[in-house]
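The structure appears below as structure tokens.
The residues of the chain are indexed from 1 along the displayed sequence. What you see is a predicted model, and the numbers here were worked out from it, not measured in a lab. Because only heavy atoms are used, hydrogens play no part in the values below, and waters and symmetry mates are left out as well, while side chains stay in.
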Amino acid sequence: MGSALWTGISGLNASSKELDVIANNLANTNTIGFKAGTTYFADVLSQSISGGASGTMQVGRGVSVTEIQTQFSTGSFESTGIATDVAIDGDGFFIVNDADDASYYTRAGAFRLNNEGLLVDTNGYMVQGKVIVNGTPSGALDDIALADVQSEPQVTSTFSIGANLNSDTAAGGQYNTSQTIYDSLGSEHTLNTTFTKTESSGSGLWGIQVSLDSTPVATLPVSGFTFDSTGAMTGTYTGTAALAGAGTLNGAATLTPDRPGMVYQTGAMTLTRTAGIGGTWSITVPGGYDNATMTSETTGTGATAVQTIRVSLDGSGTTDLTFSGLEDAFDAGGTITYNLTNTPTTGVSDLNINMSGITLSGGATIGNGGTVVWNMAGDDHLDITQYASASVVRSLSADGYSSGSLKSLSIDSNGIISGFFTNGQSTELAQLMLAKFTSPWGLQKMGDNLFGETISSGEAVINYAGQGGIGSLTSNSLEMSNTDIATEFIKMITAQKAYQANAKVVTTESDMMQVLMNIKQ
């Protein structure tokens, strides 16, 4: 008779434990990454009231709680707008280590950078991953440290200019462009390009001059560009000036083309000196240089006197050709002739601009071995045209950048952490690693949203997100608790009813025992 009392008590205990689980589930409704528990019951071994082995005469001894199983279904995702908040869409776990390097596992991906630049969870435990070197995760699993991250500078090696040069520009007219490029130390420099119309309207020649900051590039591979009647660039030209014979003067002169781009017509240019000490100079130029002007300057006296002549082919006053070393210490006049040559090249190709002769501070270099490529023929080159509209820069491009400090982070679906830097660059820095277990139900709840590995769970299998069925990641989001409030309320009602029913069994059994006690009276 007393067994019913103990059976009822077992029901009370079981229902009470179920209510404990339900209460815990509901209490953690807003706990990120929380996994709800489910209570499982089993009947207690029955006894036979006939003394035999027949199953038709057995009475149960009550109920017991056999398991409180954690449910690892994925909870809903909440958008947070915080780049370091990450949710797992799948079966994996984040790996975090405490100060003693003990590993724990969690679904709560609310991560932050601490004052040491380490990526940590809300407990201050270090999130584990691998550093990315040259685009590949490498090394052992370790703390993700982002304290000393910096974007190294990249030297400019290629630039391009997209522009229109007004075909109606008068000879000698100029158009300037400037763009920023970087040396090997990340210092900014201004690359200036000057386009000069080198003939009358319609012939389609523009000379070029390039300077770095305020220092002109000494030698360019070409003197300028040629255009056809449709305004398209057809190629380049190279202007040269060379001594034609010995001439009739006692001395020869060194000719320096200050702006080779201005040499756009071919023909003989003759310098003539009148007789007598202190004689004057005049210049004869081929057709096309009708506006040419010249100036002369004398240094020294007597037998050591030397004259320098500067010629402006377009009459702008800007020196295009410099003749130096002309002797003035003779009475006879005479002439000296130079051949002006314009050599066109059909077809457009990249130009190698040699800047190695320009000294930069700090021992910095620029380009590849001092050479910066003007991209004029590559797939990503920018076009220069000559249309009858205003000269304008359409676009400019140049590789290279300065150094930069970390500005913000992002995490992609594979757990790759990329840094965005103040120099506009982005770099892959590290990759989050995830753990998976053969039996996650065997994990031990450690509190603080953490799980611990046990023999029952099996050893953690470490892998990248998105591989091996471990799940992908969603950044700017957190996985919320998977507690289903409606389901828990229903379970609460059934637990309450079960408790009441078992309590009724206990009171009924008590009444029956009281009746039995009253029989002897």
Tell me if a side-chain donor or acceptor on [X] pairs with a main-chain N or O of [Y] at a distance below 3.5 Å.
X      : Y      : value
Ser184 : Thr365 : yes
Asn476 : Thr80  : no
Ser481 : Asn28  : yes
Ser151 : Ser403 : no
Asp121 : Asn123 : yes
Arg107 : Gly92  : yes
Asn25  : Glu488 : no
Asp89  : Ser472 : no
Asn192 : Asp213 : yes
Ser457 : Pro440 : no

Check: [Y] and [X] side chains under 4.5 Å, non-hydrogen atoms:
X      : Y      : answer
Phe227 : Leu165 : yes
Phe93  : Phe437 : yes
Asp412 : Leu473 : no
Arg394 : Thr385 : yes
Tyr464 : Asn414 : no
Tyr499 : Leu12  : yes
Ile470 : Asp91  : no
Ile353 : Thr371 : no

Taking atom [atom1] of [X] and atom [atom2] of [Y], what is their separation to the nearest 0.5 Å?
X      : Y      : atom1 : atom2 : result
Met433 : Leu141 : CE    : CG    : 6.5 Å
Leu220 : Asn352 : CG    : CG    : 11.5 Å
Tyr182 : Glu188 : OH    : CD    : 4.0 Å
Trp374 : Leu382 : CH2   : CG    : 11.0 Å
Ile366 : Ser356 : CD1   : OG    : 11.5 Å
Asp98  : Leu450 : CG    : CG    : 9.5 Å

Surrounding [atom1] of [X] (heavy atoms of other residues, nucleotides or ligands, distance under 6.0 Å), is the total greater than 12?
X      : atom1 : value
Lys445 : NZ    : yes
Asn30  : CG    : no
Gln71  : CD    : yes

Thr194 and Asn176: CA distance, side-chain angles, deciding distance, side chain to side chain donor-acceptor pair (under 3.5 Å) verdict
CA-CA 5 Å; Thr194 301; Asn176 299 299; 2.8 Å; yes
Could you walk me through whether Thr234 and Asp228 pass the side chain to side chain donor-acceptor pair (under 3.5 Å) test, one step at a time?
CA-CA 6 Å; Thr234 57; Asp228 63 17; 6.0 Å; no
Classify the angle between the aromatic ring planes of Phe72 and Phe451 as parallel (below 30°), tilted (30 to 60°) or perpendicular (above 60°).
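Judged by the thresholds at 30° and 60°, the geometry between Phe72 and Phe451 is tilted.
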Any side-chain donor-acceptor pair under 3.5 Å between Gln444 and Thr454?
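On atom types as modelled, these side chains do not qualify, holding no pair under 3.5 Å.
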If you measure only the distance, is there a donor-acceptor pair under 3.5 Å linking the side chains of Asp379 and His381?
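Absent: no donor and acceptor within the cut-off.
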From CA spacing to verdict: side chain to side chain donor-acceptor pair (under 3.5 Å), Glu152, Gln154:
CA-CA 7 Å; Glu152 297 182 355; Gln154 177 175 302; over 6 Å; no
Under-4.0 Å salt bridge between Lys491 and Asp484
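No, Lys491 and Asp484 are not salt-bridged.
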Do the side chains of Glu479 and Lys35 get close enough for a salt bridge, i.e. N-O under 4.0 angstrom?
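Counted as a salt bridge, because a side-chain N and a carboxylate O are separated by less than 4.0 Å.
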Could you go step by step and tell me if Asn375 and Asp380 meet the side chain to side chain donor-acceptor pair (under 3.5 Å) rule?
CA-CA 8 Å; Asn375 179 11; Asp380 56 348; 2.8 Å; yes
Which residues satisfy the ring pair (Phe, Tyr, Trp, His ring centres under 6.0 Å) test with Phe111, sequence neighbours excluded?
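Ring pair (Phe, Tyr, Trp, His ring centres under 6.0 Å) check on Phe111 returns Phe94.
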Test ring pair (Phe, Tyr, Trp, His ring centres under 6.0 Å) applied to Trp441 and Tyr40, step by step:
CA-CA 14 Å; Trp441 305 277; Tyr40 291 93; over 10 Å; no
For Asn13 and Ile9, run side-chain contact (heavy atoms from CB on, under 4.5 Å): C-alpha distance rounded to whole Å, both residues' side-chain angles, the deciding distance at 0.1 Å, then the answer.
CA-CA 6 Å; Asn13 289 334; Ile9 291 175; 3.8 Å; yes
